[in-house]
Amino acid sequence: KETDFNRLMPGRLNISVYTFHDKNRNGTYDLGDLPMAGVITEMKKPNGMIINGTSNKNGYINFKMASGSNKHREISQGGETYTFKVLKPPGWQITAGKSEQKILFLDQIGSPGGLIAKNAPNWVGLAPALSLRGQLIGGSQSAAQKDLSVTAISPDGRSKQLKLSKDGNFVLPAIPGLWSIVF
């Protein structure tokens, strides 16, 4: 069967955002990194309408595009910019790419969907957010512990004063590297 790519009524195809688990947190998709399923990406149309998509087991969030199509509610008109925003799951952080990307779509006679993206969306890497947790030995705060100063010093030399809970616990967001906790 021959295909006429110059037809006036184009077919449809997908524009996809790819999400992956950046296991070593280096900001690059490399050996050992895996696709992430279940990540939500919202696509905001130029008219303000938001359509959500969820990544499949291969890490792709697919949005249908077809020029002039009333059947496909995603992308149907060229000359407009659409915004794609990966919504990071709770407890995760973006390590690679940008969570929000603006993509301009153009009409292109002869393309399978009648549209092309000026630039394709880039992949987005995610990793679990890191934290430091600890507990001051001795349980609940005694009079001496109430006056105790606890400081965390990050690998890049920044210091942060910590607040202890009633049970002597502390939690703080962290970056990879060697930390110091000074009492």
Side-chain angles (χ1 to χ4, degrees), residues 1-132 155-156 172-177:
K1 178 180 173 186
E2 287 188 35
T3 302
D4 179 10
F5 287 109
N6 291 315
R7 65 186 178 266
L8 294 176
M9 294 304 296
R12 65 184 172 107
L13 68 145
N14 291 331
I15 187 79
S16 302
V17 177
Y18 179 71
T19 56
F20 70 95
H21 181 182
D22 187 6
K23 287 188 161 191
N24 61 2
R25 303 170 173 278
N26 68 350
T28 303
Y29 183 74
D30 50 23
L31 193 61
D33 292 340
L34 300 170
M36 283 190 66
V39 177
I40 297 172
T41 293
E42 69 177 28
M43 180 189 68
K44 186 174 184 182
K45 297 177 79 166
N47 66 6
M49 176 191 246
I50 293 176
I51 298 170
N52 287 338
T54 304
S55 61
N56 60 28
K57 67 180 180 177
N58 297 315
Y60 289 98
I61 300 100
N62 297 306
F63 295 96
K64 304 259 186 288
M65 55 188 262
S67 182
S69 173
N70 291 328
K71 294 179 184 175
H72 306 295
R73 60 189 180 117
E74 283 92 357
I75 302 164
S76 60
Q77 186 173 350
E80 297 184 328
T81 300
Y82 292 73
T83 302
F84 296 85
K85 184 177 180 182
V86 173
L87 306 178
K88 62 183 177 176
W92 288 73
Q93 60 190 41
I94 304 290
T95 60
K98 294 180 180 177
S99 65
E100 185 172 303
Q101 303 175 57
K102 295 185 182 301
I103 307 295
L104 173 64
F105 288 88
L106 302 169
D107 293 315
Q108 181 65 51
I109 293 176
S111 67
L115 297 168
I116 59 169
K118 185 171 181 185
N119 296 304
N122 289 320
W123 36 257
V124 177
L126 299 113
L130 297 177
S131 63
L132 289 175
D156 59 5
L172 75 145
I175 59 172

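Computed from heavy atoms alone, side chains included, the values below leave out hydrogens, waters and symmetry copies. Residues take their numbers from the sequence shown, with the count starting at 1.
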* Asked: Could you give the distance from OH (Tyr29) to NE2 (His21), rounded to the nearest 0.5 Å?
  -> 12.0 Å
* Between atom CG of Asn119 and atom CD1 of Ile103, what is the distance when rounded to the nearest 0.5 Å? -> 6.5 Å
* To do: Assign the ring pair Tyr82 / Phe105 to parallel, tilted or perpendicular, where the plane angle (0 to 90°) is split at 30° and 60°.
  => perpendicular
* Asked: Per the side-chain contact (heavy atoms from CB on, under 4.5 Å) rule, which among Thr19, Asn52, Thr54 passes with Ile61?
  -> Thr19
* **Sub-4.5 Å side-chain heavy-atom contact between Asn24 and Asp33** => yes
* CG/Leu87 to CD/Glu100 distance, rounded to the nearest 0.5 angstrom? -> 10.0 Å
* **Check: Ser55 side chain, Gly38 main-chain N or O, donor-acceptor pair, under 3.5 Å** => yes
* Asked: Can any side-chain N or O of Asn58 pair as donor or acceptor with the backbone N or O of Tyr60 at less than 3.5 Å?
  -> no
* **Separation between CE of Met36 and NZ of Lys88, rounded to the nearest 0.5 Å** => 12.5 Å
* **Criterion side-chain contact (heavy atoms from CB on, under 4.5 Å) against Met43, the qualifying member of Ile51, Ile15, Val17** => Ile51
* Counting only N and O atoms by type, is there a donor-acceptor contact under 3.5 Å from the side chain of Asp22 to the main-chain atoms of Gly27? -> yes
* Asked: So, for Pro155 and Pro176, which heavy atoms are closest and what is the spacing to 0.1 Å?
  -> CG-O, 3.5 Å
* Minimal non-hydrogen separation, Ala96 against Trp123, with atom names -> CB-CZ3, 3.4 Å
* Gly59 to Pro35 - nearest heavy-atom pair and separation -> N-CB, 3.6 Å
* Flag, side chain of Thr81 to backbone of Lys102, donor-acceptor distance under 3.5 Å -> no
* Just by modelled atom types, is the Arg25 backbone N or O under 3.5 Å from a matching donor or acceptor in the Thr95 side chain? -> no
* Asked: Ignoring hydrogens and geometry, is there a side-chain-to-backbone donor-acceptor pair from Gln101 to Asn122 under 3.5 Å?
  -> yes
* To do: Would you sort out whether Ile94 and Leu126 count as a side-chain contact (heavy atoms from CB on, under 4.5 Å), showing the intermediate values?
  => CA-CA 5 Å; Ile94 304 290; Leu126 299 113; 3.7 Å; yes
* Structure fact -> Interatomic distance, CZ@Phe20 vs CG@Asp30, rounded to 0.5 Å, equals 7.5 Å
